[in-house]
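Take a look at the structure below.
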Amino acid sequence: MTTERYNPKDVEPRWRQAWDQQELYRTRNDDPRPKYYVLEMFPYPSGRVHMGHVRNYTMGDVVARYKRARGFNVLHPMGWDAFGLPAENAARDNKVNPRDWTYANIASMKGQLKSMGLSLDWSREIATCDASYYRHQQAMFLDFWKAGLVERKSAKVNWDPVDMTVLANEQVIDGKGWRSGAEVEQRDLTQWFFKITHYAEELLQSLDGLDRWPDKVKLMQRNWIGRSEGMLVRFELDQSTAPEGVTEIECFSTRIDTLFGATFMAISPDHPLAGRVAGQQPALARFIEQCRLTGTSESAIETAEKLGYDTGLRVRHVLDPERTLPVYVANFVLMGYGTGALYGCPAHDQRDLDFARKYALPVIPVVLPPGRDAADFTVSDEAYGDDGTMINSGFLDGLANDAAWEAVAVRLETSSLEGKPQGTRKVNFRLRDWLISRQRYWGCPIPVIHCDDCGAVPVPRQSLPVELPSDVSFDKPGNPLDHHPTWKHCHCPQCGKPARRETDTMDTFVDSSWYFARFTDPANEASPTTLSAVDGASGWLPVHQYIGGVEHAILHLLYSRFFARAMKATGHLNTVEEPFEGLFTQGMVVHETYRDASGAFVLPSDVRIDVTGANRRAVHLETGAPIEIGPIEKMSKSKKNVVDPDEIIASYGADTARWFVLSDSPPDRDVIWTEDGVQGASRFVQRLWRLINEIAVLAGPPLAMPALFDEASLALRRVTHKSLQSVETDLERLAFNRCVAHVYTLANQISKSIDAMSTDQPEADMRFALREAGQILVQMVAPMMPHLGEECWQAMGNSGMVASAAWPQTDAALLVDDTLTLPVQVNGKKRADVTVPADADNATIEASVRGLDTVIRALEGRAIRKIIIVPRRIVNVVG
RNA sequence: GCGGGCGUGGCGAAACGGUAGACGCAGCGGACUCAAAAUCCGCCGUAGCAAUACGUGUCGGUUCGAGUCCGACCGCCCGCACCA
């Protein structure tokens, strides 16, 4: 029998067309079946799909197809995160319009995604740069503003000097802009903020309920939110040293137990008091100026030497009024955290200790480590930050430091300074409000008009959307909207006087913070969401399975969690606060790097690898010049270690690419792209095609289940159903690499069964078992390789499509064997196997084990002390 | 510095505390072929002819039994970082 080679070039487009014609992946909101929403993070339309996309979207597609087969009404949409700076850069460099550039990229990427055979509902496609999307975002901005969740304020902000725009704290990585890589500077600017800190506590607490999120991501968010419990402590200024009218300094501290060890106070150069004193002390003014000069970039601040300036001011110690502490202005004190002032306790804080040593300030140990003697405990150059017993601390002496904490808290709460408590408990967060203003053109305009008389005025609802002008110039650096000759000029909606439009646009992370909600009813023109469809009893949210890169662990995922709460508060969601019930962060696609003699990177497609024994050598495909094989790294254009999905799909087909990215590596780890691996995947495609055709011939047409099965056919059925169950378990766990292994196992077993047959005209029981195995094999494969699945399904003689077939049922009776072969250990080392009936009781098993020669030999004459039988697992003889 | 994760064949990896290395890649041997490709069969942790012994980064512990749990150390990766 000969079967024609499977040709994906013919087969794949044919089935994609068939799916489209039947509108198989079009999802209806009113479908009564249970809903399942699977979503992959939508792409930025850079113009080309890369292998990371292929891996991401394949995983989501496997889940979507599997859940569909299991009877769910599946929502699996796709859209475009289409605003952002690359469009402006392209416009500047190539004299194209950002809109044209973006939509052209969307068109070509859409074609590429379609060629992957993804089961997406394209009727719900959205692009965030489309006014039909961003008009709703503008409306929600105004709703949030009205609800008190938006604020315009002046603050020190992160300025990216290359992109010429401000950045949110989350977008500053190692002191550099997340996109440009430029050193970020600090500037004072008036900007728009979303008050994410309003939900700080809730965003933190709710992480506990996200049990289908990776712990790692939850931890990163916890750290980012950075909750700490402490006290605000008010220190009275010694009036003989203080400027007129300033009577106290308030500090935030989490270690009030160490208060008796305080030997100085430090305030930020940006602290109002520092400014006041600098007015009288030119030297201080110079010092503050110096701090600002060295400290405009984030990384400079981090590496800067700790510097302080003694202002001459003194504060009274709150628990020991006899003592006063010097007040320094210090460059390491951040105005944005706590109150911008702190007291230093050098013995128990490393940074304070460094500072104290530098400026010869006293170091008083107040927490004695367990097992140490107070008489000889000193702190030299290493601060002691752990628990212990209080010493040198007046009324606290002898207490454990946590008890001392509480005692100090009570004392400060009940003692007063100028009629108010000296201290109040305070929970402080590291999280700052989300700065959303961007001085860029290609983003969602902030719908606000500035009037000299009325201030910042919302654009009236009926005037939305505030659309971007299309005639912009990128000749000058800075914000093209601001340079536009007419766009910003308008009239105040309140008083009618000439006024100016806000020329800042929104951070593109705003766009991606609610797109998942928009997908539930993207055609709604009246409002951002449709309450009957978005969540609640008849709605889609939360997303049941969200899949994307771990690089969004904080930014996008935290912003989206904020947005869900803000949308609920403003009536755009019914009940949902957590938008993503299940989160999966997939690994990257990595590849070897290649360099020629000059050190320049070379594309893998220009390299030939020669293997001789264990040696691999690379040469340039055209020139034959030797190529150096470098480390395996994330695919990137700069290192040229990229493989173009288009080329892979063109030469091997989409299914091979899909199969490969699912194979081998666990999906949360990086997968190494290799030519050998792709060929292996491609070989399996052909092998499966041959195997299914062979099965179809041997099994013949469908027949009723025979009453009896012989040993061989029963064994095949058992393997089939066990494989099916394993695949089910592992698909639920998104363990695609294991699913691939189960598919291989079943295919291998079917081949073995066929080889073992003595005839090519098997009996009815074997024909039934073969047909069943073939059908189930195809259905197991179909979510991962959908085109091949259809072709095989047809070859098996089925009339419908496998994409709309119900998932097969496992037969529980076939999942357990009649007999069990248990490994037998003697003192923990395996010595034998014993085969017993599956329902054998422990006495029977013990008896057969006692009689085994190998067991007796291994015991070397010792008596059996006991026999441990783990049901269906193992027997251990202890002697 | 703080927090988290991970160390298993030549490689990617499997393994509810229960037979370590499933499955794949590479490699080796064979069949088919004039030959090659494709395909099929077999081998494939180390040592040993074998029985067997030893093997999951290192050292120790818990257990009838440890890759898995606990402690210490070594190495790699990731996140945060002057956060009071």
Side-chain angles (χ1 to χ4, degrees), chain A residues 5 173-175 214-224 226-228 230 233 251-256 258 265-266 268 301-306 330-334 336-345 349-352 354-355 385 428-431 550-551 553-554 611-614 616 632 659-660 663-666 669-672 674-681 683-684 686-687 690 726 735 737-748 751 755 821-833 857 865-879:
Chain A
R5 238 182 112 70
I173 316 289
D174 293 333
D215 289 339
K216 182 178 151 186
V217 173
K218 287 189 278 190
L219 190 73
M220 282 166 69
Q221 292 214 354
R222 273 188 199 106
N223 291 338
W224 188 263
R227 182 185 197 272
S228 48
V233 185
C251 296
F252 175 74
S253 172
T254 58
R255 285 298 304 270
I256 52 170
T258 64
M265 174 165 287
S268 166
I301 292 170
E302 278 165 29
T303 51
E305 189 189 1
K306 287 172 188 50
N331 62 348
F332 63 84
V333 183
L334 307 170
Y337 188 80
T339 62
L342 58 88
Y343 68 81
C345 180
D349 182 285
Q350 192 59 47
R351 185 202 47 208
D352 294 349
D354 296 345
F355 190 81
N428 205 37
F429 293 94
R430 209 188 73 109
L431 183 71
V550 73
E551 66 273 18
I554 294 169
V611 180
T612 42
R616 294 174 73 243
I632 297 167
W659 188 248
F660 177 75
S663 307
D664 289 350
S665 290
R669 269 189 240 176
D670 292 349
V671 65
I672 304 170
T674 62
E675 186 61 24
D676 283 335
V678 180
Q679 282 174 6
R683 273 199 302 275
F684 183 69
Q686 297 297 338
R687 185 181 154 210
R690 285 193 306 272
S726 301
N737 58 320
R738 291 161 45 121
C739 294
V740 166
H742 301 315
V743 167
Y744 275 111
T745 305
L746 179 56
N748 291 346
S751 294
D755 287 350
T821 299
L822 296 174
V824 179
Q825 293 183 335
V826 176
N827 295 329
K829 278 199 174 12
K830 195 208 162 187
R831 296 295 175 183
D833 289 302
R857 216 181 314 131
R865 285 199 281 134
K866 63 175 163 177
I867 296 179
I868 293 157
I869 297 171
V870 183
R872 314 190 66 80
R873 277 272 163 205
I874 202 166
V875 181
N876 193 13
V877 180
V878 185

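Per chain, numbering begins at 1; letters A, B, ... match sequence-line order. Predicted, not measured: the structure shown is a model, and the values here were computed from it.
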Inset, instruction - Working to the nearest 0.5 Å, report the span between CG of A:L219 and NZ of A:K216. - result: 10.5 Å
Inset, instruction - Tell me whether the OP1 or OP2 atom of B:rG24 has a side-chain N or O from A:Y744 closer than 4.0 Å. - result: no
Legend entry - Length of the CG-P vector between A:D349 and B:rC2, whole Å: 13 Å
Inset, instruction - With C1' as the reference atom in both, quote the distance from B:rC40 to B:rA20 in angstrom, rounded to an integer. - result: 30 Å
Inset, instruction - Using the C1' atoms only, state how far B:rC11 lies from B:rG45, rounded to an integer number of Å. - result: 14 Å
Legend entry - Listed nucleotide nearest any side-chain atom of A:S253, set B:rA84, B:rC25, B:rU19: B:rA84
Legend entry - Separation between CG of A:L822 and CG of A:N876, rounded to the nearest 0.5 Å: 12.0 Å
Inset, instruction - Return the value, rounded to whole Å, for the distance between atom CZ of A:R683 and atom C1' of B:rC25. - result: 8 Å
Legend entry - Secondary structure string for RNA chain B (Watson-Crick or G-U under 3.5 angstrom, | for other-strand pairs): (((((((..(((.....[....))).(((((.......))))).(((....)))..(((((..]....))))))))))))....
Inset, instruction - Could you measure between the two P atoms, the one in B:rA35 and the one in B:rA26, and give it in whole Å? - result: 24 Å
Legend entry - Minimum-distance nucleotide (side-chain atoms of A:K306 versus B:rC82, B:rA84, B:rA26): B:rC82
Side chains of residues 337-345 of chain A: which donor-acceptor partners sit under 3.5 Å, not counting sequence neighbours?
unit_1: A:Y337; atom_1: OH; unit_2: A:S228; atom_2: OG; d: 2.9
unit_1: A:T339; atom_1: OG1; unit_2: A:E250; atom_2: O; d: 2.6
unit_1: A:T339; atom_1: OG1; unit_2: A:A341; atom_2: N; d: 3.4
unit_1: A:T339; atom_1: OG1; unit_2: A:A341; atom_2: O; d: 3.4
unit_1: A:Y343; atom_1: OH; unit_2: A:S253; atom_2: OG; d: 3.2
unit_1: A:Y343; atom_1: OH; unit_2: A:R255; atom_2: O; d: 3.1

Legend entry - C1' spacing across the pair B:rG61 / B:rG17, given as an integer number of angstrom: 15 Å
Legend entry - Any A:R831 side-chain heavy atom under 4.5 Å of A:V824 side chain: no
Legend entry - For A:R683, side-chain contact (heavy atoms from CB on, under 4.5 Å) partners two or more places apart: A:Q679
Inset, instruction - Could you tell me which non-hydrogen atom of A:D349 sits nearest to which non-hydrogen atom of A:R351, and how far apart they are? - result: OD1-N, 3.0 Å
Inset, instruction - Using a heavy-atom cut-off of under 4.0 Å over every strand shown, decide if A:D215 touches base, sugar-phosphate, or nothing. - result: nothing
Legend entry - By side-chain contact (heavy atoms from CB on, under 4.5 Å) - contacts of A:D215 (at least two apart): A:K218
Legend entry - Any A:N748 side-chain nitrogen or oxygen under 4.0 Å from OP1 or OP2 of B:rG24: yes
Legend entry - Closest nucleotide among B:rA84, B:rC40, B:rA13 to the A:V333 side chain: B:rA84
Inset, instruction - Output yes when a side-chain donor or acceptor of A:N331 lies under 3.5 Å from a complementary backbone atom of A:K306, and no otherwise. - result: no
Inset, instruction - Would you indicate what A:S663 reaches in the nucleic acid, counting non-hydrogen atoms under 4.0 angstrom: base, sugar-phosphate, or nothing? - result: nothing
Inset, instruction - Report yes or no: is there a donor-acceptor pair, N or O only, under 3.5 Å between the side chain of A:R669 and the base of B:rA13? - result: no
Detail all sub-3.5 Å separations between protein N/O atoms and N/O atoms belonging to nucleotides 78-80 of chain B.
unit_1: B:rC80; atom_1: O3'; unit_2: A:R430; atom_2: NH1; d: 3.4

Legend entry - Atom-pair distance (CZ on A:R351; P on B:rA81), nearest Å: 15 Å
Inset, instruction - Would you indicate what A:D352 reaches in the nucleic acid, counting non-hydrogen atoms under 4.0 angstrom: base, sugar-phosphate, or nothing? - result: nothing
Legend entry - Contacts of type side-chain contact (heavy atoms from CB on, under 4.5 Å), residue A:V671, not counting sequence neighbours: A:R55, A:V589, A:S665
Inset, instruction - Take the protein atom CD1 of A:I867 and the nucleotide atom P of B:rC64, then report the distance between them rounded to whole Å. - result: 16 Å
Restricting both atoms to N or O, compile the protein contacts to nucleotides 46-49 of chain B shorter than 3.5 Å, with distance only.
none

Below 3.5 Å is the cut-off: list the nitrogen or oxygen pairs between protein and nucleotides 53-56 of chain B, distance only.
unit_1: B:rA53; atom_1: OP1; unit_2: A:R831; atom_2: NH1; d: 3.3

Legend entry - Sugar-phosphate only, base, or nothing, as touched by A:L219 at under 4.0 Å among non-hydrogen atoms: sugar-phosphate
Inset, instruction - Establish, with yes or no, whether the OP1 or OP2 oxygen of B:rA14 is under 4.0 angstrom from a side-chain nitrogen or oxygen of A:N737. - result: yes
Inset, instruction - Tell me which nucleotide among B:rC16, B:rC25, B:rA84 gets nearest to the side chain of A:D676. - result: B:rC25
Inset, instruction - Tell me which nucleotide among B:rC64, B:rC16, B:rA22 gets nearest to the side chain of A:A741. - result: B:rA22
Inset, instruction - Looking at every strand, decide which applies to A:N428 at a 4.0 Å heavy-atom threshold: base, sugar-phosphate, or nothing. - result: nothing
Legend entry - For A:S268, all residues meeting side-chain contact (heavy atoms from CB on, under 4.5 Å), sequence neighbours excluded: A:D270, A:H271, A:V333, A:M335
Legend entry - Nearest-neighbour nucleotide for the A:K866 side chain, B:rA14, B:rC64, B:rG18 considered: B:rC64
Legend entry - Residues in ring pair (Phe, Tyr, Trp, His ring centres under 6.0 Å) contact with A:F429, at least two apart in sequence or another chain: none
Inset, instruction - For nucleotides B:rA14 and B:rG57, find the distance between their P atoms and express it as a whole number of Å. - result: 15 Å
Legend entry - Rounded interatomic separation in angstrom, taking CZ from A:R687 and P from B:rC23: 11 Å
Legend entry - C1' gap between B:rG21 and B:rA13, integer Å: 9 Å
Legend entry - For A:R873, salt bridge (charged side-chain N to carboxylate O under 4.0 Å, His left out) partners two or more places apart: none
Legend entry - Syn/anti label of B:rG79 as read from its glycosidic torsion, with the cut at 90° from 0: anti
Inset, instruction - Look at all strands and tell whether A:R865 reaches a base, only sugar-phosphate, or nothing, counting heavy atoms closer than 4.0 Å. - result: nothing
Inset, instruction - Whole angstrom is fine here: how far is it from CD1 in A:I874 over to P in B:rU19? - result: 5 Å
Legend entry - Rounded distance (Å) that lies between atom P of B:rC11 and atom CD1 of A:I632: 11 Å
Legend entry - Whole-Å distance separating the NZ atom of A:K830 from the P atom of B:rA20: 8 Å
Legend entry - First encountered from the 5' end of RNA chain B, between A:Q825 and A:S665: A:S665
Legend entry - Given RNA chain B, 5'-ward residue of the pair A:P871 and A:A681, judged by closest heavy atom: A:P871
Legend entry - Integer angstrom distance from the C1' of B:rG18 to that of B:rG67: 13 Å
Legend entry - Results of side-chain hydrogen bond (donor to acceptor under 3.5 Å, both in side chains) for A:Q221 - residues two or more places apart only: A:R561
Legend entry - Side chain of A:P666 - closest among B:rA14, B:rA84, B:rC82: B:rA14
Legend entry - Polar pair under 3.5 Å, donor/acceptor by atom type, side chain A:N876, base B:rC64: yes
Legend entry - Nearest-angstrom distance, P atom, B:rU62 to B:rC16: 25 Å
